[in-house]
Amino acid sequence: MLAWIFPKILIKAVKGTRDLLPPATEVWNRVETTAREVLGLYNYQEIRTPILEETQLFARGVGSDTDIVTKEMYTFEDRDGSSLTLRPENTASVIRAYIEHRLDQRPGVQKLYYMGPMFRRERPQKGRYRQFYQIGAEAIGSESALIDAEVIAMVVEILERAGLSGFQLLINSVGDHDCRPQYVERLRLALEPVAAQMCEDCRRRSQTNPLRVLDCKVEHDQPIIERLPMIVDHLCDGCRAHFDAVKKHLSDLGIAYEVRPRLVRGLDYYMRTTFEVVHGALGAQNSVLGGGRYDGLAEALGSKVHSPGIGFSIGEDRLVMSVEQTQAPKSLDLFIALHRDAAVRHALLLARDLRRAGHSVELGQGRLKRAMELADKLGARFALVVGDDEIASGRYPLKDMATGKQQTLTPDEITAQLAAKN
RNA sequence: GUGGGUGUAGCUCAGCUGGUAGAGCGCUGGAUUGUGGUUCCAGUGGCCGAGGGUUCGAAUCCCUCCACCCACCCCA
């Protein structure tokens with residue numbers, strides 16, 4: 001009949017994006033609240049940058065040769081011809097804002113955190129989405145190993161308080177602008193005679209990005225990779241001292257870590273300290289968080305002031321995925337069953353007062369049996385009946401849903417009961 | 001971008017070698033007039049992912065497409 005007005009093709013969430021529904025959103029909120037608490041304890045403050053940035057920012061910040069920039073960005077031309085991109089990560093934006101607003105003029109190390117959606121056009125799979133969420137932080141303005149250790153300690157605390165257990169902290173140093181190029185050259189030379197025996201990807205990487213070879217998981221290549229020079233053995237004095245200090249501070253704090261000489265981060269801006277947290281039961285995407293130091297990033301983005309920084313970002317989707325089971329079901333404090341229409345005014349006022357007192361209240365009209373059933377399904381701790389008798393007497397039957405016991409009380413007594421049981 | 005798996009009711013899934021659709025849970029109502037959880041009864045609900053082919057007949061066989069999931073890659 002009206003089929004031409006009501007098309008039968010359903011509109012669905014676009015590939016790689018998803019709706020987060022209750023009760024899962026409760027877990028997300030809890031994780032975010034926990035993160036804010038811990039970040040606050042370490043004196044971090046929130047920064048909110050735009051989701052949309054000039055494409056150039058990521059090309060220069062993240063690295064024009066990276067996978068993210070070459071094939072994963074949502075880039076489009078705006079009406080005035082400028083090229084815009086949906087942020088694939090947030091560090092570049094934070095540094096851009098830091099430079100733009102001269103945050104280097106503010107006292108002390110700038111400690112900023114953010115949370116929100118990022119966008120990368122990858123093929124979705126478990127723990128990997130095209131719109132995904134990150135909770136991250138950046139400490140800008142210090143080269144000290146103390147900050148590295150503090151950042152790592154903080155992130156471990158966030159994960160623990162969020163309810164994650166059984167995770168593993170991996171750290172490494174990837175050198176700086178001084179020793180890394182030398183190491184990469186050394187690696188390239190070492191690869192030359194053996195590359196032919198390696199997998200196709202490694203043969204390509206040995207030319208384009210030798211560091212990536214170290215990440216290869218192909219079984220056959222492992223013995224070859226074992227014999228390649230490792231960056232930790234070729235750090236310059238400054239980087240070596242820095243890395244040793246970070247490790248010492250972590251040990252002093254009693255934080256368990258494992259040095260992974262082959263931990264290489266995918267974004268060009270990392271130097272010196274890099275770290276990652278992995279967790280089993282996440283499938284192939286087992287990395288919950290990644291981070292590292294980026295002492296040259298600000299300059300790469302046009303800053304005249306040297307602004308060394310270190311930061312991390314937590315994959316919130318993955319964190320939520322691995323702590324989801326530990327969440328207690330949400331409950332309702334009180335369900336008010338209205339038995340007659342005349343009860344509406346009384347119930348509304350009662351509900352308003354109880355809500356002001358901090359109790360969650362749901363109202364329901366209709367047959368009492370039905371209302372009680374609903375109260376039960378909603379997980380209400382108490383149910384209250386409001387009908388003609390109650391309005392006349394000013395006293396209401398309050399039922400404890402767990403025990404089934406019911407008492408007839410005045411509004412003040414009801415408030416006291418709800419407060420007492422909290 | 002490349003593989004593999006799966007698409008049947010809101011959810012989890014049955015449906016053998018083709019005979020035109022089922023269970024459990026959920027939801028709604030009833031047994032119970034102003035009192036939930038248990039039990040019992042009834043109801044609700046599906047162009048069997050889409051299109052084409054084979055056939056008297058297709059959820060079932062064949063082809064194409066699409067979607068989702070998992071993996072490679074890469075990363076959070």
Side-chain angles (χ1 to χ4, degrees), chain A residues 3 8-10 12-18 21 62 65-72 87-91 115-136 155 159 199-202 204-205 209 212 215-218 263-267 270 275-279 282-292 311-322 335-340 343 364 366-390 396-406:
Chain A
K8 54 183 169 183
I9 303 136
L10 286 179
K12 300 194 295 179
V14 319
K15 191 200 244 320
T17 73
R18 56 201 184 131
L21 307 173
V62 177
D65 281 342
T66 59
D67 278 10
I68 292 177
V69 172
T70 56
K71 48 190 185 193
E72 295 174 1
R87 65 181 185 195
E89 57 99 55
N90 208 14
T91 299
M115 43 186 72
M118 309 294 157
F119 304 84
R120 292 183 201 172
R121 200 184 182 290
E122 297 180 89
R123 189 80 173 264
Q125 73 189 70
K126 189 181 176 71
R128 193 170 80 185
Y129 308 97
R130 290 181 174 186
Q131 175 174 337
F132 61 103
Y133 296 81
Q134 290 191 333
I135 299 174
V155 87
L159 296 180
C199 71
E200 196 184 327
D201 287 332
C202 283
R204 177 177 46 78
R205 293 182 189 124
N209 194 347
R212 285 255 143 264
D215 257 353
C216 177
K217 281 141 201 146
V218 177
L263 176 68
V264 180
R265 303 235 52 91
L267 289 70
Y270 285 117
F275 55 97
E276 180 169 342
V277 169
V278 294
H279 185 73
L282 271 178
Q285 313 303 316
N286 65 350
S287 172
V288 183
L289 143 196
F312 64 84
S313 61
I314 297 170
E316 194 176 357
D317 305 76
R318 293 178 188 177
L319 178 56
V320 166
M321 195 185 303
S322 36
F335 186 94
I336 300 180
L338 322 199
H339 189 243
R340 288 285 150 72
R367 295 180 40 239
L368 251 201
K369 177 185 154 53
R370 174 78 192 119
M372 297 306 286
E373 208 177 303
L374 194 54
D376 184 48
K377 282 172 184 166
L378 295 179
R381 282 169 46 235
F382 291 99
L384 185 76
V385 178
V386 180
D388 293 340
D389 299 348
E390 289 73 23
Y396 307 82
L398 181 73
K399 183 171 189 171
D400 183 320
M401 295 300 282
T403 64
K405 292 215 175 76
Q406 187 167 302

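Side chains included, hydrogens not; waters and symmetry mates left out as well; all remaining heavy atoms used. To find a chain, count down the sequence lines: A is the first, B the second, and so on, and within it residues start at 1.
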Under-3.5 Å donor-acceptor pair between A:Arg120 side chain and B:A76 base: yes
A:Arg18 (side chain) and B:C68 (base): donor-acceptor pair under 3.5 Å: no
Whole-Å P distance, B:A23 and B:G18: 24 Å
Span that lies between the P atom of B:U28 and that of B:U64, in whole angstrom: 45 Å
Pairwise P distance for B:G1 and B:U38, with rounding to whole Å: 50 Å
Whole-angstrom distance between B:U55 and B:C70, as gauged at atom C1': 36 Å
Sugar-phosphate, base or nothing in reach of A:Ala402, heavy atoms under 4.0 Å: base
Worked check of side chain to side chain contact (heavy atoms under 4.5 Å, CB included) between A:Asp400 and A:Arg381: CA-CA 6 Å; A:Asp400 183 320; A:Arg381 282 169 46 235; over 6 Å; no
Sugar-phosphate only, base, or nothing, as touched by A:Arg367 at under 4.0 Å among non-hydrogen atoms: sugar-phosphate
Whole-Å C1' distance, B:U54 and B:U12: 34 Å
Interatomic distance at P, B:C69 relative to B:C16, whole Å: 28 Å
Lys/Arg cation over aromatic A:Phe132: A:Arg120, 6.0 Å, 45° cone: no
Sugar-phosphate, base or nothing in reach of A:Gln131, heavy atoms under 4.0 Å: nothing
Whole-angstrom distance between B:A59 and B:C13, as gauged at atom C1': 14 Å
Sugar-phosphate only, base, or nothing, as touched by A:Glu316 at under 4.0 Å among non-hydrogen atoms: nothing
